[in-house]
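To keep things clear, I will list the structure first and then write my remarks on it.
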Amino acid sequence: MIRKLLVANRGEVALRILRACREMDIKTVVVHSTADTDSMPVRLADESVCIGPPPAAQSYLDARQILAAAEITGADAIHPGYGFLSENAAFARMVEEHGYVFVGPRPEHIELMGDKIAAKRTMQRLGIPVVPGSDGPVASPEEAVRLAREIGYPVLVKAVAGGGGRGMKVVRDEGELVDALEMAAREARAGFGDARLYLEKFLERPRHIEFQVLGDRHGQVVHLFERDCSIQRRHQKVVEEAPSPVLDEEVRRRMGALVVRAMAELGYVNAGTLEFLYADGAFYFIEMNTRLQVEHPVTEAITDVDIVREQIRIAAGEPLGFDQEELRIEGHAIEFRITAEDPATFLPTPGRVTHWHPPGGPGVRVDSHLYAGYTVPPYYDSLIAKLVVHDRDRASCLKRAARSLAECVVDGIPSTIPLLRTIVEDEAVHLGRVDTGWLERWMEARG
Ligand code: ADP
């Protein structure tokens, strides 16, 4: 049983986890940096512990401080949220070795999927199609040249330890390859402390489609259908929806069954997401995220499953409360990531929010830690709110999205709301004809 849970995160996801705990009668502790002393999660948690100065390396990434906070508050479980330590296998192991429940997958699975080459090999062994590419890290520029010829241009240089689109470079011909390798290695070393790179076929105009899975400690695995996250900027998701407008029922069922079989064979526990690129009717696995994802609410909307509650129940050893046959897709949901960024340049716009009016009404959910008078600190991710709309079908969902984005007010700092409002009116979005490069081409065309 979990009686008191420590949230090792900040912002909207910390709030999301606190809300699940409150509904489960679980006491909460939130850790925070000095930059977040006045934050909403700190106000709403039963207890809070300041664990360090603003830089994440000295606070949200400091495993020792987090464990010390768990110790002094008597917490029995730790939820890492997303980002920060959520996919750090050593942290998950430390949490368990100190006798706390880690609300997430087994450390060995975090480790396995954190190495993107090992992840692809594993999936291939489990019968899941992967993007063609090098079977290991590239050892030298000469080997890269040879491999790229074999794969065929364009190729994508990727970081073995990758995440957040960093260390990724598209290479259209051999002349660009060596420079791209150098640049990607630099980015990967700075971002992940691991400069190893691999090559993949660069798919032209694919869609990003991912499957959400949940596995319990008793061997049951289900999938909660797919999310389509094709509206991206610099390989980062901006708008996500569920279900995908391009999958038919037969393909959905086939992919779902494949994913569930693979995860059951692996013995995967807790929440996870298998990410795929979908092009010309075929799926190619790219990576697995062994954590809660930013876009999980669209799945919650269409399945009526509270994913965070299930994560906590699973971590406490309880079996899943439903099986695959009971899960149905109800209607359509779309999420918009509202960030404290300039809508044209995407430069971060931290500062004081003077006015905040979240939209409401039927089918509208807003996950946000904002309040009027709150100052968005400059140190962390710029996500300030997630607007999630749900309706009976995609067309009405888009109407609801436009209506609620128009109601949403953030004053004091620029945000991406104006950009999201134009995206939602676009014909290509209405027709569902977008791919992962669509948003950037669209922005370029509009100047
Ligand atoms: P990260 O972990 O850095 O987010 P991913 O492997 O999840 O990287 O890829 C992020 C995005 O990059 C994808 O959604 C897609 O838009 C693009 N991408 C990744 N691999 C390929 C590929 N082989 N071909 C085309 N686009 C790709």
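Numbering of ligands and ligand atoms starts at 1, following listing order. Computation of the quantities below employed the complete heavy-atom set of this structure, encompassing side-chain atoms and omitting hydrogens, waters and symmetry-equivalent molecules. On a predicted model such as this, the values are computed, not experimentally measured, just so you know. Numbering starts at 1 and runs along the sequence shown.
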For atom 4 (O) of ligand 1, state which one of Cys229, Gly164, Ser230, Gly167 supplies the nearest heavy atom.
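Looking at heavy atoms only, the winner is Gly164.
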For [atom], find the nearest protein heavy atom and state the residue, atom name and distance (0.1 Å precision).
atom                    : value
atom 11 (C) of ligand 1 : His235 CB, 3.7 Å
atom 9 (O) of ligand 1  : Met168 CE, 3.6 Å
atom 7 (O) of ligand 1  : Glu287 OE2, 2.5 Å

side-chain contact (heavy atoms from CB on, under 4.5 Å) evaluation trace for Leu214 with Leu320:
CA-CA 8 Å; Leu214 283 176; Leu320 282 171; 4.2 Å; yes
Relative to Phe346, does Arg233 satisfy both conditions: NZ or CZ under 6.0 angstrom from the six-membered ring centre, and within 45 degrees of the ring's axis?
yes
Checking the N or O distance criterion of under 3.5 Å, is ligand 1 in contact with Val131?
no
Non-hydrogen atom of Lys158 closer than 4.0 Å to ligand 1:
yes
Working note: Gln212 + His223, criterion side-chain contact (heavy atoms from CB on, under 4.5 Å); need CA distance, chi angles, decisive distance, verdict.
CA-CA 6 Å; Gln212 171 75 57; His223 73 85; over 6 Å; no
From the list Glu287, Arg227, Glu210, side-chain hydrogen bond (donor to acceptor under 3.5 Å, both in side chains) with Thr273 holds only for Arg227
Closer than 4.0 Å to some heavy atom of [X] - which atoms of ligand 1 meet that?
X      : answer
Thr436 : 16 (O)
Lys116 : 1 (P), 2 (O), 5 (P), 6 (O), 8 (O)
Gln232 : 11 (C), 13 (C), 14 (O), 15 (C), 16 (O)

Is the shortest side-chain N to carboxylate O distance from Arg337 to Glu295 below 4.0 Å?
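Salt bridge between Arg337 and Glu295, a charged N being under 4.0 Å from a carboxylate O: yes.
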Would you please test Ser396 and Asp393 for side-chain hydrogen bond (donor to acceptor under 3.5 Å, both in side chains) and show each step?
CA-CA 6 Å; Ser396 45; Asp393 54 49; 2.6 Å; yes
